Amino acid sequence: MGFPKNFLWGGATAAVQCEGAYDEAGKGLNVADIQICYTRETKQGNTNYTRALLKERIEDVTQAETKNYYPKHQAVDFYHRYKEYIQWMKEAGFKAFRMSINWSRIFPTGLESEPNEAGLQFYDELFDELLSNGIEPIVTLTHYDMPLGIVTQCQGWYGRATIDHYVRFATVCLKRYASKVNYWIVINQINLIFGESFSSLGMVMDEYEDFTAAKYQAVHNEFIASALIKQAAKQIKPTLQIGMMLADQMTYAKTCDPQNVAVAIEKNRMKDYFFADVELRGAYPGYAKDYFKRNNIQIVMADGDEELLKQNTMDFLAVAYYYSHCVDENGARCENPYTKASQWGWTIDPIGIYNAMSQYWDRYQVPMMIAENGIGVEEVPDAQGKIHDDYRIDYQRRHIEQLKRLMDEEVNLFAYTMWSPFDIVSGNSCEMEKRYGLLYVDKDNQGQGSGKILPKDSYYWYRDVIASNGEKL
């Protein structure tokens, strides 16, 4: 069967990982602007913040001379060079570009009643440039860019007031760009509440007696905001497609011991399905209610919340797939003896994308897209200025082959936006040298380098994949 003629081949980025220009044109500070670089040797990331660390970082970034280097302040300068990057995407034949709107570029503190016009104008120009080059924008409304005002004044997503602030921001964007953007993802990877705690939820860990319980309350507020945004979108323009997004965390049992299998089922339910069940089916599932009861977690709901969720389910499911997980009978993470791993220890499991997506399709029967899929590797050009990234070609090829299996089974998959068209600053660790791009960008972990763009072998390979609509792999 193969991919349909209108299949959207492309790539994906996040504003905070590529734009830079962190303090230009009225933009305010956000959670990404206080992140420093952790290399893979340190085995650390920007996951959790205490009150003391948050205060220290905010004080530092507001100084003329900072103590730390903050990679996302400049990133790869997409803000000033987007036309150049878009030309590279056009020449590769991109049909779509998944990107995000930087929340603090539109509402600098998140608390304003009126948006920053300069920020809105930037995205007008960016969308126009994409469309004039035949590239459809698929827009994530927030991708780890919560304004610090929401963190410090509203307790991030834990505070119910954040719902109103976020819906105001989203409604401004939907109205402004309704004629330019058809596909909207409300919240990036809504289920990553542990691996990306601060970036995702904007919560400071030592403000809560039970941080885990507080995170689930925050997620409930995200669910309500998403439903309100879906409701608003249908009033603004009924044809707008409003989607949810998961970071797939497909978990296998290490053995066929029934207890091990039962543990893996609970992992899959509470790490993936719970979030999608609420947003695509419109209600809290019984297994989640039981899990909360067993773990003394109480979700506080306002009157009307349940009906709002029921009446405003999402239109499509976007999935980021990088690797699968494996657990033993006690629920502990363990190595899967049947898979290899990347430099960063991420399992390489192409069949896992088939396993995950086929189960989502069987469960939800809604249109789906691959929102992210790629491999991060340390790379340097050779003496001729070339990068022969056969490993990336192999990784992407094997995953796309599994997507062809889905197409043969008549799964409604409408887009594949690999991560990433060009090298960008990594999300959690803020490394520049963990490179995912089809295009090499000459910047290192400390922001040093010419910024020159070089196509890797994978760039030309992916160009041929798109030109053949997935037939030439």
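Numbers here simply count residues along the sequence, with the first being 1. Since we're looking at a predicted model, the values are computed, not measured.
- A donor-acceptor pair is defined here as one N or O able to donate and one able to accept, closer than 3.5 Å; no such pair exists between the side chain of Lys72 and the backbone of Ala32.
- With respect to Trp157, the side-chain contact (heavy atoms from CB on, under 4.5 Å) criterion is satisfied by exactly one of Ile187, Val219, Val151, Ile190: Ile187.
- Under 3.5 Å, the side chains of Tyr284 and Asp277 contain no donor-acceptor pair of N or O atoms.
- For Lys27 (side chain) and Tyr22 (main-chain N/O), a donor-acceptor pair under 3.5 Å exists by modelled atom type.
- With sequence neighbours left out, the side chain to side chain donor-acceptor pair (under 3.5 Å) criterion links Asn336 to no other residue.
- Under the 4.5 Å side-chain criterion, counting only non-hydrogen atoms from C-beta, Met418 is not in contact with Tyr395.
- Under the 3.5 Å distance criterion, the side-chain polar atoms of Tyr287 are matched with a main-chain donor or acceptor of Phe274.
- Side-chain contact check for Arg57 and Tyr49: at least one donor-acceptor pair (N or O, by modelled atom type) lies under 3.5 Å.
- Between the side chains of Tyr166 and Asn221, not a single donor N or O lies within less than 3.5 Å of an accepting N or O.
- Side-chain atoms of His220 never come within 3.5 Å of backbone atoms of Tyr216 as a donor-acceptor pair (strictly under, hydrogens ignored).
- Side chain of Asp164 to backbone of Ala161: no donor-acceptor contact under 3.5 angstrom is found.
- No donor-acceptor pair under 3.5 Å is formed between the side chain of Glu136 and the backbone N or O of Lys95.
- At distances below 3.5 Å, at least one donor-acceptor pair connects side-chain atoms of Ser104 with backbone N or O atoms of Gly28.
- If you take CD on Gln155 and CD on Glu207, they are separated by 5.0 Å, rounding to the nearest 0.5 Å.
- Under the 4.5 Å side-chain criterion, counting only non-hydrogen atoms from C-beta, Asn373 is in contact with Gln396.
- A centroid separation of 6.0 Å or more is found between the aromatic rings of Tyr416 and Phe7.
- Residues Phe198 and Leu53 are not in side-chain contact: their nearest non-hydrogen atoms beyond the backbone lie 4.5 Å or more apart.
- Checking Gln17 against Ser420 by side-chain atom types alone, no donor-acceptor pair falls below 3.5 Å.
- For NZ of Lys271, the number of neighbouring non-hydrogen atoms (other residues, nucleotides, ligands) closer than 6.0 Å is greater than 12.
- Listed by chain and residue number, Glu379, Asp389 satisfy the salt bridge (charged side-chain N to carboxylate O under 4.0 Å, His left out) test with Arg392 (two or more places apart in sequence, or in another chain).
- When atom types are taken as modelled, the side chain of Arg397 and the backbone of Leu473 share a donor-acceptor pair closer than 3.5 angstrom.
- Not counting sequence neighbours, the partners of Asp290 by the salt bridge (charged side-chain N to carboxylate O under 4.0 Å, His left out) test are Arg294.
- Atom NZ of Lys310 has 12 or fewer neighbouring heavy atoms from other residues, nucleotides or ligands inside a 6.0 Å radius.
- Rounded to the nearest 0.5 angstrom, Cys173 SG and Trp184 CH2 are separated by 5.5 Å.
- Side-chain contact check for Tyr322 and Glu372: at least one donor-acceptor pair (N or O, by modelled atom type) lies under 3.5 Å.
- A side-chain N or O of Asn48 and one of Ser197 form a donor-acceptor pair less than 3.5 Å apart.
- No side-chain donor-acceptor contact under 3.5 Å links Thr50 and Asp206.
- Checking each of Thr347, Val319, Asn268, Ile353 against Met250 for a side-chain contact (heavy atoms from CB on, under 4.5 Å) leaves exactly one that passes, namely Asn268.
- No donor-acceptor pair under 3.5 Å is formed between the side chain of Thr140 and the backbone N or O of Ser100.
- Checking Glu279 against Ser226 by side-chain atom types alone, a donor-acceptor pair falls below 3.5 Å.
- Within 6.0 Å of atom CD in Glu307, more than 12 heavy atoms from other residues, nucleotides or ligands are found, so the atom counts as buried in its surroundings.
- With rounding to the nearest 0.5 Å, the separation of SG in Cys334 from CG in Asn260 is 7.0 Å.
- Residues satisfying the side chain to side chain donor-acceptor pair (under 3.5 Å) criterion with Thr417, sequence neighbours excluded, are absent altogether.
- In terms of heavy atoms, Asn191 sits closest to Asp272 at ND2-OD1, 3.1 Å.
- Scanning for salt bridge (charged side-chain N to carboxylate O under 4.0 Å, His left out) contacts around Asp315 gives Lys230, Lys234, with sequence neighbours left out.
- Gln217 places a side-chain N or O within donor-acceptor distance of the main-chain N or O of Val300, the cut-off being under 3.5 Å.
- Under the 4.5 Å side-chain criterion, counting only non-hydrogen atoms from C-beta, Cys154 is in contact with His165.
- Within a 6.0 Å sphere centred on CD1 of Ile351, other residues, nucleotides and ligands contribute 12 heavy atoms or fewer.
- Contact of the Thr142 side chain with the Asn188 side chain is not registered, since no non-hydrogen atoms from C-beta on lie closer than 4.5 Å.
- If you run side-chain contact (heavy atoms from CB on, under 4.5 Å) between Met99 and each of Phe78, Tyr82, Phe127, only Phe127 comes through.
- Taking Asp349 as the reference, Tyr252, Ser324 meet the side chain to side chain donor-acceptor pair (under 3.5 Å) condition, with sequence neighbours excluded.
- Of the options Tyr462, Trp461, Phe422, a side-chain contact (heavy atoms from CB on, under 4.5 Å) to Leu438 is made by Tyr462 and by none of the others.
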